[in-house]
A.B. asks: 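Quick one: the structure is below, and I'll ask about it shortly.
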Protein chains: 4
Amino acid sequence: MRKTRTKPSAAAAQRVAAASKNGGQALPDGVEAAGARAKRGAARREAILAAALEEFSAHGFEAARLDDVARRAGVAKGTIYLYFSDKEALFQALVRSYISPVVGTLEHVTHVDAPFRAVAEQLAELFVREIVETRRRDIIRLIFSEGQRFPKLAEFYYREVISRAMSAVRGLLRRALERGEITNEALVRFPQLIVAPGLVAILWKSLFDRLDPLDVRAMLHAHFDNIFGVRRPA
Amino acid sequence: MRKTRTKPSAAAAQRVAAASKNGGQALPDGVEAAGARAKRGAARREAILAAALEEFSAHGFEAARLDDVARRAGVAKGTIYLYFSDKEALFQALVRSYISPVVGTLEHVTHVDAPFRAVAEQLAELFVREIVETRRRDIIRLIFSEGQRFPKLAEFYYREVISRAMSAVRGLLRRALERGEITNEALVRFPQLIVAPGLVAILWKSLFDRLDPLDVRAMLHAHFDNIFGVRRPA
Amino acid sequence: MRKTRTKPSAAAAQRVAAASKNGGQALPDGVEAAGARAKRGAARREAILAAALEEFSAHGFEAARLDDVARRAGVAKGTIYLYFSDKEALFQALVRSYISPVVGTLEHVTHVDAPFRAVAEQLAELFVREIVETRRRDIIRLIFSEGQRFPKLAEFYYREVISRAMSAVRGLLRRALERGEITNEALVRFPQLIVAPGLVAILWKSLFDRLDPLDVRAMLHAHFDNIFGVRRPA
Amino acid sequence: MRKTRTKPSAAAAQRVAAASKNGGQALPDGVEAAGARAKRGAARREAILAAALEEFSAHGFEAARLDDVARRAGVAKGTIYLYFSDKEALFQALVRSYISPVVGTLEHVTHVDAPFRAVAEQLAELFVREIVETRRRDIIRLIFSEGQRFPKLAEFYYREVISRAMSAVRGLLRRALERGEITNEALVRFPQLIVAPGLVAILWKSLFDRLDPLDVRAMLHAHFDNIFGVRRPA
DNA sequence: GATGAATGAGGGTTCATTCAT
DNA sequence: TATGAATGAACCCTCATTCAT
């Protein structure tokens, strides 16, 4: 998968580039094209979101300070309010902009016409590479953390991510059942069971990995073996 | 399971009882005072913990206000500091006192000599009744939320809960393997796979249940069917 | 006394640098604003220090409330923290900014080439006018009050004031000895003896003057008569 | 001079002794003689004052905590209020009980019929030994520190200490003038000039001695040489 | 648009004082 | 008399948000 989103650092670099684009030669005001201005605005938005990602995921919603977000983004504190109405809106935008893109890719993969096991392995790899080993992992953790206090956020996440992912997985499972690749039809009713180890991976990596490292890929393999009824000799 | 720990409401009742306990009989002065005082102190501690549970789980660590904890516990703000050195200590005590007891019960159950499936069902029921349908669910969510910012807490939780639970489950799985009740030995390496749907249950109930109710017991049944290779006809 | 004042902070310097970025021409908006802003900032700093002087000298370090300092300075409580990192820093800045300047003047006077007695009288007058009859008296009292609890402060005061004043007085005494204006060379070893009545003046004015007014100038005259061995007829 | 007051440590020991007087044999209530009880009460008062001396002189009035006073005195916090109506009363009692006794001795010494210089040297020695090298030094510093905030305290100190000391010194000076031991009659009008170096000693020892040790006895000698017009060869 | 100084409500914590035992 | 748990007002400091420039 090609990156759907620039990484934080890349975004920052981009912002810097944009900022220095007209070199030192102070262009007369108004000469700068509207398009360039819009682009600069977009770059700033990105920079702020990237900074917010770092701060929110490091400290949580309450403890994250907009001062730090601003400093990290290289803008003034007030500038944040030009792009986001308040701290909460920034948080929601953050979730939106970093998580949604991945879902599209997920849906795309589930539509590939291939044996379930192959698709599943691909999904697992996608999940590990794009989420577990990424800052996105922290965003998801943030949703679990703050979701109850921000029902809107939980709802958005349910609509945009959970339900879409569940549908995609459900379709995949149904096809697998029809083909006889799996036999337990209860999985169709509880696609959560397919995803559950992914959750474990996210939390474990964040909380316990330094105490007891977890090989996520191996765990997910074992998980699929289980689902497909593969028997390993003791 | 009989409670190892009094419930908040019970604590309050206990406090009242303690207050009225030595009715009329003239206990030697000092002894009476000391005993009653100690008991009252314990009751207060309980009350504060119960209140903290409500506030922390409703708002998270940072956003919870000790003012509210005090009010809810029916004590003055300063009183909290007689029992806990600061907000963080209160939080840790909360986790300790509400979670640890359950682990003991869990370990106990895993040592019962019965068919794996039966023990597993029992564990599931215990888990649902004592955690998922309880405030304890919120505590666990809190650990996931705040664990990264309080490494001590995560460590404590790992030592007290995770590693003990994993050992217990591992033992159970090993016995099941030996008896031929399960055939996938990878489960012994990843007991997390057994527990993963429990995690899903905790988070789902807290965040998405109002949008899309989840029948946790049914899901866990399906999970076990999967593990035991039970094939249901489509 | 015209005083040199330190700039608010490094942030200001940085701001100025940023402001000067658009070359030098036609300083439109921005630069003018920057100048006005900087000036306003300096004025605020002054206002806060003046307010702090009142509050600290009226109540002592611990009992002085920053709330009152803010109110008196006509700023919000939080504003104080834009200029001083905390209460202690404010206190130290106060001492620094009000006391240090006087020492320079003192040193200057001791270098005047004139008969000792004349210089001494001038110093006394300076001391009375600029310290005893001024709020500076209270600052010195504050140092005596809080010095033990803030060793840094005592050290600063020793370095900036005491040792410099002692050196200056010592030089003066040495010249006087050489010229035969005084004969007791022990004074050179204990310049404190010259200054001691000044201390008395400071404390007496603050604590006992309303009960028993003291004519400080007359006392200092008598002090010099003593040193110079002037004999008055009984 | 014989100690008029028990030293802190002695007081504590005395308290302990009093406490353990009836050994372990719980005497029936009421049997303990009223006299013993009064004695015990006095001992407690002493213990509290001694503890207060330590705490107040170490931290100042505001910053001293009654909790620490109680702990140091070996009594409960509430007990302090049985002996002193509030923190301020404790402070004033402290000053009274530790300073007043010394004044009596001072007055006594000034009435000795001996050459002024001899008496002066004796006074200096008394001052150094009983005040400068003692916790009393801190009490005097406390009066300077807190005097302005507690006018009652300053007034008490003026009446009990300052005015009595000044009278005594004045009498001494008058006799010295009459005998021709000194010639500067202005000293009679400003006895403060005699005492001033004592002040310097107190403050210097507390604030600057670690930076620049001061030989107080030598300084006072030099002071007297000055007053008596002793000329030392350069 | 962009800035960052200024605001001020709010929270954690302390501690003199009280009072039931 | 003695205790020490309990109180709650007070205070320092933070930080989201605003607004003049």
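Chain identifiers are assigned alphabetically (A, B, ...) following the order of the sequence lines, protein sequences preceding nucleic acid strands; residue numbering begins at 1 within each chain.
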A.B. asks: Does a side-chain N or O from C/K77 land closer than 4.0 Å to OP1 or OP2 of E/dG8, or not?
C.D. replies: no
A.B. asks: Within the structure shown, what part of the strands sits under 4.0 Å from C/A64 by heavy-atom distance: base, sugar-phosphate, or nothing?
C.D. replies: sugar-phosphate
A.B. asks: Which dot-bracket string describes DNA chain E (Watson-Crick N1-N3 plus N6-O4 or O6-N4, or G-U N1-O2 and O6-N3, all under 3.5 Å; [ ] crossing; | other strand)?
C.D. replies: .||||||||||||||||||||
A.B. asks: Does A/R44 have a side-chain nitrogen or oxygen under 4.0 Å from the phosphate oxygens OP1 or OP2 of E/dA2?
C.D. replies: yes
A.B. asks: Quick one: is E/dT3 close enough that its OP1 or OP2 comes under 4.0 Å of any side-chain N or O from A/R71?
C.D. replies: no
A.B. asks: Would you call the rings of B/F150 and B/F61 parallel, tilted or perpendicular, where under 30° means parallel and over 60° means perpendicular?
C.D. replies: perpendicular
A.B. asks: What is the distance, rounded to the nearest whole Å, between atom CG of C/D67 and atom C1' of E/dG10?
C.D. replies: 13 Å
A.B. asks: Counting only side-chain N and O atoms of D/Y83, is one of them less than 4.0 Å from OP1 or OP2 of F/dA2?
C.D. replies: yes
A.B. asks: Looking at C/R65, does any N or O in its side chain come under 4.0 Å of the phosphate oxygens OP1/OP2 on F/dC12?
C.D. replies: no
A.B. asks: Distance-only, no hydrogens or angles: does the A/E62 side chain make a donor-acceptor pair with backbone N or O of B/E62 under 3.5 Å?
C.D. replies: no
A.B. asks: Look at all strands and tell whether A/L66 reaches a base, only sugar-phosphate, or nothing, counting heavy atoms closer than 4.0 Å.
C.D. replies: sugar-phosphate
A.B. asks: When you measure from the side-chain N and O atoms of B/R40 to the phosphate of E/dA20, is any distance below 4.0 Å, counting only OP1 and OP2?
C.D. replies: no
A.B. asks: Judged by each residue's nearest nucleotide on DNA chain E, which is more toward the 5′ side, B/S85 or D/S85?
C.D. replies: B/S85
